[in-house]
Amino acid sequence: QQQVKQSPQSLIVQKGGISIINCAYENTAFDYFPWYQQFPGKGPALLIAIRPDVSEKKEGRFTISFNKSAKQFSLHIMDSQPGDSATYFCAASRLSFGNEKLTFGTGTRLTIIP
Amino acid sequence: DTGVSQNPRHKITKRGQNVTFRCDPISEHNRLYWYRQTLGQGPEFLTYFQNEAQLEKSRLLSDRFSAERPKGSFSTLEIQRTEQGDSAMYLCASSLGTGMKTEAFFGQGTRLTVV
């Protein structure tokens, strides 16, 4: 039972372009939606996160768009750089339940080409 | 203390052997999580500790798996009678647990290969 669905599985974007990764969730009790970045051989690192009371959050070149009614959220990377090449995971949790247990998507391997 | 530390980084074991992994969380963090990540997949939750108490276990955590967190500091994850299907990256994460503004920090993981 996959509670968080992520697409695409892989993505190739030219340097300077916009990378867009999409996620959809099923459990309406989720109230915290982070995105993690993972480089080979490393653990996931938090990139940006959003709560469902806002529709958009921006931090530098990274933006999360959130659509509560559609149960969807997406990550936009503006001015994509070769250093952004990594695997990105969306996730969801129920912070109101008292812990940060994360349900992850299946990941998107992003490659930025010159 | 610069982050979550996991040891060993890599472990190769023969099927049927027991293995134990260690996680040292960020020192003031009271919550500790174990996840398993297989190739091409996102991490899957295994178990969660608040201080020394194990508060939740996933159905993925069979009877061959056991986790402890004595004294609420480091944690160990033991797998008994390993099977080839146990081959995966085992990730540990910790958090401060201060309500709605908290973040889980991950270690670099222990990659287990069962041959």
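Aromatic rings from A/Phe104 and B/Phe45 are positioned such that their centres are separated by 6.0 Å or more.
Note: A/Thr106 OG1 to B/Gln41 CD = 6.0 Å, rounded to the nearest 0.5 Å. Between the OH atom in B/Tyr35 and the CG atom in A/Leu102 there is a gap of 4.0 Å [rounded to 0.5 Å]. The CZ atom of B/Phe106 lies 15.5 Å from the NZ atom of A/Lys42; values are rounded to the nearest 0.5 Å.
Under a cut-off of 6.0 angstrom, the local environment of CG in B/Asp63 is sparse, with at most 12 non-hydrogen atoms contributed by other residues, nucleotides or ligands. Other residues, nucleotides and ligands place more than 12 heavy atoms under 6.0 Å from the CZ atom of A/Arg61.
The hydrophobic clustering, which links ILVMFWY residues whose side-chain heavy atoms are closer than 4.5 Å, places A/Leu11 and A/Phe39 apart. Hydrophobic clustering keeps A/Ile113 apart from A/Ile18 (ILVMFWY residues linked when any side-chain heavy atoms are closer than 4.5 Å, directly or through intermediates).
B/Glu56 is linked by a side-chain hydrogen bond (donor to acceptor under 3.5 Å, both in side chains) to A/Lys101, counting only residues two or more places apart in sequence or in another chain.
When B/Pro43, B/Gly42, B/Cys92 are compared by the number of non-hydrogen pairs under 4.5 Å with chain A, B/Pro43 comes out ahead.
There is no contact between B/Arg111 and chain A, counting heavy-atom distances below 4.5 Å. In this structure, no portion of A/Gln9 lies under 4.5 Å from any heavy atom of chain B. In this structure, the portion of B/Gln37 lying under 4.5 Å from any heavy atom of chain A is its side chain and not its backbone.
Pairing each heavy atom of B/Leu91 with each of A/Gly43, the nearest pair is CD2-CA, 4.1 Å.
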